[in-house]
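In what follows, a single structure is set out as structure tokens and then discussed.
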Amino acid sequence: QVQLVESGGGLVEPGGSLRLSCAASGHTLALAGIGWFRQAPGKEREGISCLSLRDESAYYSDSVKGRATIFRDLHKNIVTLEMNNLKPNDTAVYFCAGRAARYGSVCPKKELDYDYWGPGTQVTVSS
């Protein structure tokens, strides 16, 4: 089993930056990819970024491309998502998700294709 816990959410002013971290514990060698999703009130969960743990390939949705960077600290089993130039419509609960190593993409687009989820962290962008 793998446990994921997000941290780093909070209140940020428009135009500001934040750093979200996803700490993995347990059988982390079973992981092949870590994705970040977010869900705004009344909206569907949206995949915004993913990092392949095999080759460090990074993926971004159009909604955050150019404003986000995903990377990992191998020694601490932490995957971090940095975002800048935040906007009010970035307000959401942010989740990290782990994809187990098996046949198929290590960074699938569909949330159902991820095996492990953190509880989420709230990000509010407001002045």
Side-chain angles (χ1 to χ4, degrees):
Q1 275 287 7
V2 174
Q3 295 78 42
L4 302 175
V5 179
E6 306 90 344
S7 62
L11 177 63
V12 185
E13 291 189 350
S17 302
L18 60 75
R19 173 180 286 202
L20 301 176
S21 294
C22 176
S25 61
H27 191 39
T28 57
L29 291 178
L31 293 173
I34 294 289
W36 280 95
F37 289 74
R38 67 185 181 184
Q39 188 165 20
K43 295 189 177 181
E44 294 185 352
R45 193 170 295 188
E46 172 194 14
I48 59 173
S49 185
C50 186
L51 180 71
S52 167
L53 302 181
R54 292 174 175 171
D55 62 8
E56 309 290 322
S57 297
Y59 304 90
Y60 303 97
S61 67
D62 289 342
S63 60
V64 303
K65 193 174 295 182
R67 303 189 295 126
T69 304
I70 188 170
F71 57 94
R72 72 165 168 174
D73 182 332
L74 181 61
H75 299 292
K76 296 182 179 179
N77 286 327
I78 293 175
V79 172
T80 296
L81 179 69
E82 289 187 340
M83 292 183 60
N84 54 49
N85 192 22
L86 288 166
K87 308 171 184 178
N89 61 7
D90 290 316
T91 295
V93 178
Y94 284 69
F95 302 88
C96 67
R99 164 77 172 183
R102 62 179 182 275
Y103 179 79
S105 172
V106 301
C107 280
K109 293 183 178 180
K110 296 180 179 180
E111 59 181 290
L112 291 177
D113 291 328
Y114 287 83
D115 304 283
Y116 309 102
W117 288 84
T121 184
Q122 176 70 47
V123 173
T124 302
V125 183
S126 174
S127 55

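No experiment lies behind these values; they were computed from the predicted model shown.
- Cluster membership check: Y116 does not share its hydrophobic cluster with F37, using side-chain heavy-atom separations under 4.5 Å among Ile, Leu, Val, Met, Phe, Trp and Tyr.
- Shown here for S126 and P14, the closest heavy-atom pair between the two residues is C-CD, 3.5 Å.
- Side-chain contact between L20 and E6 is absent, with no heavy atoms from C-beta onward closer than 4.5 Å.
- Across A24 and L4, no two heavy atoms sit closer than the pair CB-CD2, 3.6 Å.
- The shortest side-chain heavy-atom distance between S49 and Y59 does not fall under the 4.5 Å cut-off.
- Looking at residues two or more places apart in sequence or on another chain, you find a side-chain contact (heavy atoms from CB on, under 4.5 Å) between E46 and R38, I48, S61, S63.
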From CA spacing to verdict: salt bridge (Lys or Arg N to Asp or Glu O under 4.0 Å), K65, D62: CA-CA 5 Å; K65 193 174 295 182; D62 289 342; 3.5 Å; yes
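- V2 and I78 fall into different hydrophobic clusters, where Ile, Leu, Val, Met, Phe, Trp and Tyr are joined by side-chain heavy atoms under 4.5 Å apart, directly or via other members.
- To the nearest 0.5 Å, atom OG of residue S21 and atom CG of residue N77 are 12.5 Å apart.
- For S25, the side-chain contact (heavy atoms from CB on, under 4.5 Å) criterion is met by Q3, not counting sequence neighbours.
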Side chain to side chain contact (heavy atoms under 4.5 Å, CB included) assessment of V79 paired with F71: CA-CA 6 Å; V79 172; F71 57 94; over 6 Å; no
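- Closest of all the heavy-atom pairs between D55 and S57 is OD1-OG, 2.8 Å.
- Using a 4.5 Å cut-off on side-chain heavy atoms (C-beta onward), L53 and V106 make no contact.
- Atom CD1 of I70 and atom CD of E56 lie 10.0 Å apart (nearest 0.5 Å).
- Once rounded to the nearest 0.5 Å, the distance linking CG of L18 with CG of L81 reads 7.5 Å.
- Side-chain contact between L31 and L29: absent, with no pair of heavy atoms (C-beta onward) separated by less than 4.5 Å.
- If you chain together hydrophobic residues whose side chains sit under 4.5 Å apart, V125 and F95 never meet in one group.
- Counting heavy atoms from C-beta on, the side chains of Y60 and T69 come closer than 4.5 Å.
- Note that OG of S17 and CG of L86 are 6.0 Å apart. Values are rounded to the nearest 0.5 Å.
- One finds the SG atom of C107 at 6.5 Å from the CG atom of L51 (value rounded to the nearest 0.5 Å).
- Using a 4.5 Å heavy-atom threshold, the side chains of Y114 and L112 count as separate.
- You'll find the side chain of P108 reaches within 4.5 Å of the side chain of R99, heavy atoms only.
- For D73, there are no salt bridge (charged side-chain N to carboxylate O under 4.0 Å, His left out) partners at least two apart in sequence or on another chain.
- Heavy atoms only, all atoms of each residue included: G98 and I34 are closest at CA-CD1, 3.9 Å.
- Here CD of E111 is found 5.0 Å from CH2 of W117. Values are rounded to the nearest 0.5 Å.
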Trace of the side chain to side chain contact (heavy atoms under 4.5 Å, CB included) decision for M83 with V12: CA-CA 11 Å; M83 292 183 60; V12 185; over 6 Å; no
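- V93 has its side chain out of reach of R45: every pair of non-hydrogen atoms, C-beta onward, lies at least 4.5 Å apart.
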